Number of protein chains: 2
Amino acid sequence: MGSVMRRPTIMDIAKAAGVSKGAVSYALNGRPGVSETTRERILSIASDLGWAPSNPARALAPGGRVGAIGMVVDRPARSLGIEPFFMQLVSGVETELAAAGIDLMLQVAENIDSELEVYRRWAAERRVDGVIIVDLRVDDPRPEAMGVLPLPAVVLGGPGGTGGLPCLYTDDGASVREVVHYLAALGHRRIVRVAGPEDFVHTRDRTAGFQEAARHAGLAEARTVHADYTGEAGGRTTRRLLAAAEPPTALVYDNDLMALAGLGVASEMGVDVPSQLSIVAWDDSALCRLVRPSLTAISRDVFGHGRIVAGMLNRLLAGERVEDRETPLGELQPRGSTGPLTS
Amino acid sequence: MGSVMRRPTIMDIAKAAGVSKGAVSYALNGRPGVSETTRERILSIASDLGWAPSNPARALAPGGRVGAIGMVVDRPARSLGIEPFFMQLVSGVETELAAAGIDLMLQVAENIDSELEVYRRWAAERRVDGVIIVDLRVDDPRPEAMGVLPLPAVVLGGPGGTGGLPCLYTDDGASVREVVHYLAALGHRRIVRVAGPEDFVHTRDRTAGFQEAARHAGLAEARTVHADYTGEAGGRTTRRLLAAAEPPTALVYDNDLMALAGLGVASEMGVDVPSQLSIVAWDDSALCRLVRPSLTAISRDVFGHGRIVAGMLNRLLAGERVEDRETPLGELQPRGSTGPLTS
DNA sequence: TCACGATACTGAACCGGTTCAGTCACCGAC
DNA sequence: GTCGGTGACTGAACCGGTTCAGTATCGTGA
């Protein structure tokens with residue numbers, strides 16, 4: 001008592017062991033320069049003292065790393081809470097980072113400009129060692145900004161348009177083609193896709209796959225309309241579509257939140273799912289299994305994507321060369337919200 | 001060209017301005033010790049050079065702060081993705097922190113022990129300046145652990161059981177009493193509450209409020225059963241309750257995810273909502289408005305809670321004395337999922 | 001027996017800030 | 001004219017690590 005609790009430093013260890021700071025550093029980092037007996041003595045003292053390296057000090061030393069990576073999400077704040085995607089991704093990312101003792105900084109941004117501002121600040125203030133970029137856009141300004149900063153980055157999305165940054169990408173076009181074939185086989189011809197924002201690369205890829213499959217199946221009336229991933233927009237769009245003279249018989253949504261909203265609107269308008277309308281969701285979260293009818297969805301391992309992309313960034317930070325990587329295809333999970341027309 | 005891009009330091013500024021490091025530091029921090037003309041010259045040079053303070057260096061200096069706070073969430077990873085609560089809370093927290101230039105570290109943990117391990121590591125390695133503790137338990141080990149570490153902390157929950165830590169609390173008992181009165185007024189007598197885990201303080205508070213209101217309204221059959229906030233558990237519990245000989249006519253859920261699952265199960269079992277069963281959710285997220293029937297819910301300003309609790313932590317870190325604070329009561333939002341029995 | 005090289009270690013510089021104790025010039029008061 | 005005080009600034013220490021250039025000690029081979 002009396003002495004104020006203070007974090008032990010390597011200097012404390014050095015004094016207790018009767019050696020110099022440098023020797024302690026070598027011992028603790030498993031580097032040559034100390035004898036095995038000395039190393040063990042130092043490690044034991046360090047453990048007795050409850051020593052842990054000061055992260056700021058490590059980061060400050062020449063060539064030091066901050067031991068944290070950053071992620072910025074800039075979808076509309078309103079939808080963020082419900083969007084299962086990000087928390088699952090975050091869980092996966094952290095699982096991978098935890099092993100390396102790396103932390104995750106999370107920021108929500110209003111738009112892509114404030115997102116860039118966050119990256120600039122993080123780089124200037126040395127807050128993070130690298131970042132994971134999500135929701136790649138068409139002509140995305142972020143990859144090129146990363147080149148200037150410089151802030152090592154890995155992109156979730158692509159391929160293409162990543163400005164040389166390593167990326168983890170998915171062939172969404174293939175998944176959407178499977179959905180169209182599935183719906184066409186059920187007899188649907190008026191299929192409309194309620195998509196995410198037009199300037200996302202994966203939206204564009206899905207749209208291309210959708211059009212191609214529709215043309216292939218001879219569905220002249222298939223088309224894509226855009227919304228913004230929020231339940232509100234999904235509901236509004238669905239209401240408009242179902243009120244048309246010849247409403248679609250099948251709707252394909254780009255996330256599960258809009259699909260859920262669509263299901264609600266159909267019910268409100270007296271349109272039965274699936275006998276009068278089939279609904280397919282993207283991003284098969286638990287939501288899809290909770291509602292009635294349960295939602296047919298394209299299921300991807302978002303948690304796994306997080307692990308992989310974090311691993312890629314880790315290796316990039318370690319100075320290794322990192323190749324682009326493709327994820328397994330999303331799998332169509334047929335459930336109660338799709339079926340043949342029975343009118 | 002040829003010169004490698006290097007972050008500018010205050011030494012670079014000092015050289016350019018022809019003054020010492022110390023003078024630059026005084027100028028940049030708005031402290032006395034430099035003339036107004038010199039200060040302006042230094043600021044202008046700093047801006048020209050694109051200087052920003054190195055966070056590790058600032059943190060390392062005596063009395064320096066890391067400029068980051070941490071938050072650990074340890075609900076079951078499965079439910080995390082859909083639980084709107086956390087992302088809304090995070091948004092609110094960050095909005096408040098952004099103004100002070102503070103970052104947020106987020107960690108997901110499997111259980112309360114690994115959560116404590118994270119706090120210990122953060123404190124030992126000086127990763128964060130303080131933490132926000134959520135989901136306070138009965139006999140929670142965390143407040144007391146914080147006293148030892150030492151890591152400044154603010155609790156979202158309580159009051160009581162916070163071991164002296166400042167807290168932001170809600171009178172959940174009052175809200176649940178309002179719900180019971182509302183349902184009783186609609187004619188319901190067999191009301192069951194599907195609650196969160198028993199060892200959460202707010203679960204216990206709600207249970208107490210629920211029992212008191214039930215006794216007051218003469219509802220002998222009202223009771224509480226416990227689940228774990230996941231949709232799966234909410235659905236399973238609902239199925240069991242509705243299969244009983246004399247099933248409840250109203251269910252009150254502790255979050256909206258379980259309420260959503262309950263709604264699905266009711267539909268699956270052919271129980272109409274609201275004519276045969278009324279459903280009330282807690283945490284009024286957009287989900288409640290998207291499904292049909294829309295869910296009556298207790299609405300709270302989770303985003304606002306985040307702002308307030310972050311502000312409290314900020315002031316605590318600044319050395320100010322912080323008082324416990326109560327949030328406004330959650331408001332009952334009656335929607336389509338509740339009504340009188342019409343059997 | 002001596003030179004040589006390897007091993008084990010020390011001392012100091014360095015990272016980029018903050019802060020404290022001085023130094024110096026200048027100004028007003030007596 | 002001198003004294004004291006103040007404002008402006010410098011130089012150096014400090015935070016807690018990492019790393020590099022030396023140095024002392026030892027064993028070994030010729």
Side-chain angles (χ1 to χ4, degrees), chain A residues 4-43 45-46 49-68 101 121 123-127 129, chain B residues 4-43 45-46 49-68 101 122-127 129:
Chain A
V4 176
M5 186 74 159
R6 194 176 53 84
R7 296 182 62 258
T9 71
I10 56 168
M11 199 55 207
D12 297 324
I13 302 177
K15 278 182 199 148
V19 295
S20 70
K21 270 173 76 171
V24 174
S25 179
Y26 290 140
L28 292 170
N29 291 307
R31 299 169 145 277
V34 279
S35 67
E36 214 41 55
T37 56
T38 308
R39 183 189 307 276
E40 273 164 28
R41 189 158 45 92
I42 288 174
L43 287 179
I45 292 173
L49 261 48
W51 177 88
S54 155
N55 198 58
R58 275 224 162 127
L60 187 55
R65 299 247 214 96
V66 176
R121 187 174 64 82
E125 300 181 358
R126 288 204 60 202
R127 293 271 188 167
D129 293 320
Chain B
V4 177
M5 186 74 160
R6 194 176 53 83
R7 297 181 61 257
T9 71
I10 56 168
M11 200 55 208
D12 297 325
I13 302 176
K15 279 182 198 148
V19 295
S20 69
K21 271 173 75 171
V24 175
S25 179
Y26 290 140
L28 293 169
N29 291 306
R31 298 168 145 277
V34 279
S35 67
E36 214 40 54
T37 56
T38 307
R39 183 188 308 277
E40 274 163 27
R41 188 158 45 93
I42 288 174
L43 288 178
I45 292 174
L49 261 47
W51 177 88
S54 155
N55 198 59
R58 274 223 163 130
L60 188 56
R65 300 249 214 95
V66 176
W122 278 351
E125 300 181 359
R126 287 203 62 201
R127 294 270 188 168
D129 293 320

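Computed over heavy atoms, backbone and side chain alike; hydrogens, waters and symmetry mates excluded. In what follows, every chain begins at residue 1, and chains take the letters A, B, ... in the order their sequences are listed. It should be emphasised that the depicted structure is a prediction, and the values quoted were computed from it without experimental measurement.
Atom CD1 of Ile42(A) and atom CD1 of Ile10(A) lie 10.0 Å apart (nearest 0.5 Å).
As rounded to whole Å, 19 Å separates atom P of dC15(C) from atom CZ of Arg58(B). Distance CD1 (Ile10(B)) to C1' (dT18(C)): 8 Å, rounded to an integer number of Å. If you take CG of Asn29(B) and C1' of dC9(D), they are 16 Å apart, rounded to a whole angstrom. Rounded to an integer number of Å, the gap from CE of Met11(A) to C1' of dT18(D) is 15 Å. Computed from coordinates, the Leu60(B) CG to dG17(C) P distance equals 12 Å when rounded to whole Å. Lys15(B) places its NZ atom 14 Å from the P atom of dT10(D), with the value rounded to the nearest Å. Atom-to-atom, CZ of Arg65(B) to C1' of dT18(C) comes out at 14 Å; the value is rounded to the nearest Å. Rounded to whole Å, the distance from CG on Leu28(B) to P on dG16(C) is 15 Å.
Shown here are the side chain to side chain donor-acceptor pair (under 3.5 Å) partners of Thr38(B), two or more places apart in sequence or in another chain: Ser35(B). Legend: residues meeting side chain to side chain donor-acceptor pair (under 3.5 Å) with Arg126(B), ordered by chain and number and at least two apart, are absent. Judged as a side-chain contact (heavy atoms from CB on, under 4.5 Å), and not counting sequence neighbours, the contacts of Ala46(B) are Ile13(B), Leu28(B), Trp51(B). Scored by the side-chain contact (heavy atoms from CB on, under 4.5 Å) test, Ser20(A) finds Ala23(A) as partners (sequence neighbours excluded). Judged as a side-chain contact (heavy atoms from CB on, under 4.5 Å), and not counting sequence neighbours, Ala61(A) has no contacts. With sequence neighbours left out, Arg39(A) forms a side-chain contact (heavy atoms from CB on, under 4.5 Å) with Ala27(A), Val34(A), Glu36(A), Leu43(A). For Arg31(A), the salt bridge (charged side-chain N to carboxylate O under 4.0 Å, His left out) criterion is met by no residue, not counting sequence neighbours.
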Table of protein N/O atoms under 3.5 Å from nucleotides 9-11 of chain C N/O atoms:
residue	atom	partner	partner atom	Å
dC9(C)	OP1	Thr38(A)	OG1	2.9
dC9(C)	OP2	Ser35(A)	N	2.7
dC9(C)	OP2	Ser35(A)	OG	3.4
dC9(C)	OP2	Thr38(A)	OG1	3.3
dT10(C)	OP2	Ser20(A)	N	2.7
dT10(C)	OP2	Ser20(A)	OG	2.8

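Closest approach of Arg7(A) and Ala52(A) over heavy atoms only: NH2-O, 3.2 Å.
Distance alone, capped at 3.5 Å, is enough to place a donor-acceptor pair between the Asp129(A) side chain and the Val66(A) backbone. The backbone N or O of Asn55(B) lies less than 3.5 Å from no partner atom in the side chain of Arg127(A), so there is not a single donor-acceptor pair.
Taking every side-chain heavy atom of Pro62(B) into account, dC14(D) is the closest of dC14(D), dG16(C), dG17(D).
With axes fitted over five pairs at each extremity, the angle between the ends of the helix from dT1(C)-dA30(D) to dC30(C)-dG1(D) is 60° (10° resolution).
Across all strands, Ser25(A) comes closer than 4.0 Å to base atoms (heavy-atom distances).
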Nucleic acid footprint by protein, nucleotides 22-27 of chain C - heavy-atom cut-off 4.0 Å, B for base, S for sugar-phosphate alone: ------
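DNA chain C lies under 4.0 Å from no heavy atom of any residue of residues 50-57 of chain A.
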